[in-house]
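Note sheet for the following structure.
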Amino acid sequence: MPNIKLQSSDNEVFVVDVEIAKCSVTIKTMLEDLGMEEDEEEVVPLPNVNSAILKKVIQWATYHKDDPPLPEDDENKEKRTDDISSWDADFLKVDQGTLFELILAANYLDIKGLLDVTCKTVANMIKGKTPEEIRKTFNIKNDFTAAEEDQVRKENEWCEEK
Amino acid sequence: MMKSTLPKDKIPGKMRIRAFPMTMDEKYVERIWSLLKNAIQEIQKKNNSGLSFEELYRNAYTMVLHKHGERLYTGLKEVVTQHLETKVREDVLHSLHNGFLQTLNNAWTDHQTSMVMIRDILMYMDRVFVQQNEVDNVYNLGLIIFRDQVVRYGCIRDHLRQTLLELVARERRGEVVDRLAIRNACQMLMVLGINSRAVYEEDFEKPFLHQSSEFYRMESQKFLAENSAAVYINRVEARISEEAERARHYLDESTEPRVVSVLEHELIERHMKTIVEMENSGVVHMLTHTRTSELGCVYKLLSRVGEGLRTVADAVSAHLREQGRALVTDTLHNTNAIAYVQNLLDLKDRFDHFLQNSFNNDKIFKHMITSDFEYFLNLNNKSPEFLSLFIDGKLKKGEKGMSEQEIEAVLDKTMVLFRFLQEKDVFERYYKQHLAKRLLLNKSVSDDSEKNMISKLKTECGCQFTSKLEGMFKDMTVSNTIMDEFKEHVLSSGLNLYGVDLSVRVLTTGFWPTQSATPKCNIPAAPRNAFEVFRSFYLAKHSGRQLSLQPQLGSADLHATFGAAPASPPAPAAPRRHIIQVSTFQMCVLLLFNQRDRLTYEELLNETDIPEKDLVRALQSLAMGKPTQRILIKHPKTKEIEPSHQFYVNDAFTSKLHRVKIQTVAAKGESEPERRETRNKVDEDRKHEIEAAIVRIMKARKKMAHTLLVAEVTEQLRVRFLPSPVVIKKRIEGLIEREYLARTPDDRKVYNYVA
């Protein structure tokens, strides 16, 4: 199978099977425009992604290379967060930083499956928590004034379970 | 093609949560945008080989990520518009009279290629910004601008249309044109519609169809005036294939049905009647000259348009009715029933041939033939009688050279005609008469054929029709049994039959056709006495029954000796013996000559007591037929028979045969007075049937309005005949008088059943 070379922001070069690399629609389009030949010595630069993240991404893509194509997002269908496979759940047992970097990389590289599963993971981290707990989890500074906070709470009272 | 190169900026690789930059300063955004703008312009100039896909993609990504998608989108729009307005459009305008289509097509191809590349680098914006803001995606945006600024720009639009139409017109005239150029232009228009064919339709197809319509309108008029129907039709077929092929090959294929329907309208629909009714080449001409395949072409062509087949069917129907009516009302030739029916069968065969081979067994034509035959067959009220005579001819002995299957086939076809008859009850009456004759005179060619025919009638009309006919058959069988028993009885009891070898057929009155009254006849002594013996025998077996002799149905074999008396010189000397087969009436006449040599007509009339018309017929066969049949001589030898004319035995009679059968002057049909009599009987029966139907219906419904009752009665009786409302009304009034029905007190138009 033909290969392709991917270079991370910190100059590490990864050799990857072309079919696996095409999990990323960005890379796929790039290759079509480049008109890829068999022993292409060209290297595809990815300055937006560092080597550690790129390694993880390649790992995910390799495992999922035979997945059936995902159906189009039906806007009316409710999105679930409880359908993460066990392999993916294990794969994503990483620190937050890595998790967020993975999200950005998946967004940039346009890998829908990875983007979905990482976002779901974060969503699960938010679900069921109070605002204070969320701030603690993600280390977010509370930048509301007391008055603003009150107003927001009032506006959203109807959501709260009694 | 783009090269992949290393970017200039590097981002530090240490892993930590990066604070998401919420703002980007204006200078940075400006920088990114001009980078992209420049790249887009290079792509448009086809200088993309020096560009880095990744870099451009990343920059666009960054812009959109930082919420500057709007800026990017607007910028894109401006760049594309500017390029198309200033460069591309200008080029096309310059080429208006010199390689226009080629230039336009090249511009289009280049535009598509560059838009694809632009779309690819701006893919993130398409995915995110476009989706969220519900604007046109990059590629479609490019299409829209191209459409509005180039293709639909005033004079370019007009020129494009004119050029394309001109090319098509030239090709129609027979020139060779650049089909590929047209094809490319049409494809372009289809794509520019963006999921709709509106652009193609407005800018090209509509004017094209309009032009086609005009062109063919003129061509059709000219061509029709100069050519026959068949040639015109072939030409139309050719033109339709040509246009269909044109649409498939270089217009858009969705145009095919539209242009074909324009042609159908101009070439066929407008001229349907003209084609069909053309003198010396239209449908009627084709029918009379049996141009089966030409008719097939007409059918195929006209079936394309809504009312086409109806027009053809109307013309064929008019012709058929005319032929049928001529046949049926041709009084000169309509004395021969066999020829009459045979002609009708031939006519049906002829049109069935057309139905199958030209008109594809189409239902419309099938119905038309049926209704036409129904129409003219019933114009002649002798049709039922003739039909029965025709069948009679086929079932009689002596029908030469037809195998059983052939007879069967002809009878099946005759049944088809039977179905068309309105007055089926008249047919029944005649059929009974003819069947009776066949049975009694032993003339059926085979019992199987007869029974076959009856079962065919049964299938058509039900048991009521055929029960009497079957009864007639039964009588014949029973009579044979009785005769056997009688013969035994005579032998065993030694009874005297007065020298007569008697054979009796006993007919049940209800089954057989009756005369209005049994004709009188003086039976000579010997046969009369013999019959009395039989009568006692029979009545002893079946007391309570009555037997009456029917002289008009009987026959006799007589031993005759000629030449016993002195004769004139040419006659041979020795006496000759013959057996002559004659009818009962003739027997009565001849036996009188045993007592006297000469008898006048008047004397014969008085002595035999036979009704005049029967006597005349009997005498005609005996005295005025062929020489080999002339048993009697009439004096004077005129055709008419006066009361004073004399008859005497022809002693000079010779015949090669020992057994001579005297043919009765067969009336091939009835004479007029006989026909009237039959018709009266039919009317009588009908009155009864109508009344029976009325009573039946009223008994079930108890109460019914007049119009409804008339409709019901007509419906029920229609299988046998079509009763007229006037007659039904009269019958109702008759029934009211006899107190079967009554008028309701509140409404005179409603009747009550009186139990």
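Residue numbering restarts at 1 for every chain, and letters A, B, ... go by the order of the sequence lines. This structure is a prediction, so every number in the text was calculated from the model and none was measured.
Listed here is the closest heavy atom pair of B/Met123 and A/Thr26: CE-CA, 4.1 Å.
For the pair A/Ile27 and B/Glu54, the minimum side-chain heavy-atom distance is 4.5 Å or more. In this structure the side chain of A/Asp110 never reaches within 4.5 angstrom of the side chain of B/Tyr124, judged on heavy atoms. Side-chain contact check for B/Tyr61 versus A/Asn48: some heavy-atom pair is nearer than 4.5 Å.
Taking a 6.0 Å sphere around CZ of A/Arg135, one finds it holds more than 12 heavy atoms contributed by other residues, nucleotides or ligands. Annotation: B/Glu253, atom CD; neighbour count of heavy atoms from other residues, nucleotides and ligands within 6.0 Å does not exceed 12. More than 12 heavy atoms of other shown residues, nucleotides or ligands fall within 6.0 angstrom of atom CD in A/Gln59. Atom OH of B/Tyr153 has 12 or fewer heavy atoms from other residues, nucleotides or ligands within 6.0 Å. For A/Lys129, the NZ atom counts as densely surrounded, since its 6.0 Å shell holds more than 12 non-hydrogen atoms of other residues, nucleotides or ligands. The neighbour count for A/Asp90 CG, taken as heavy atoms of other residues, nucleotides or ligands under 6.0 Å away, is above 12.
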Worksheet entry | side chain to side chain contact (heavy atoms under 4.5 Å, CB included) between B/Ile121 and A/Thr29, worked out | CA-CA 9 Å; B/Ile121 57 175; A/Thr29 313; over 6 Å; no
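For the atom pair B/Asp120 CG and A/Glu32 CD, the distance stands at 7.5 Å (nearest 0.5 Å).
In this structure, A/Tyr108 contributes its side chain and B/Thr62 its backbone to no donor-acceptor pair below 3.5 Å.
Contacts of A/Asn139 with chain B are absent, with no heavy-atom separation under 4.5 Å from either backbone or side chain. For A/Val49, no part lies near chain B; criterion is any non-hydrogen pair under 4.5 Å.
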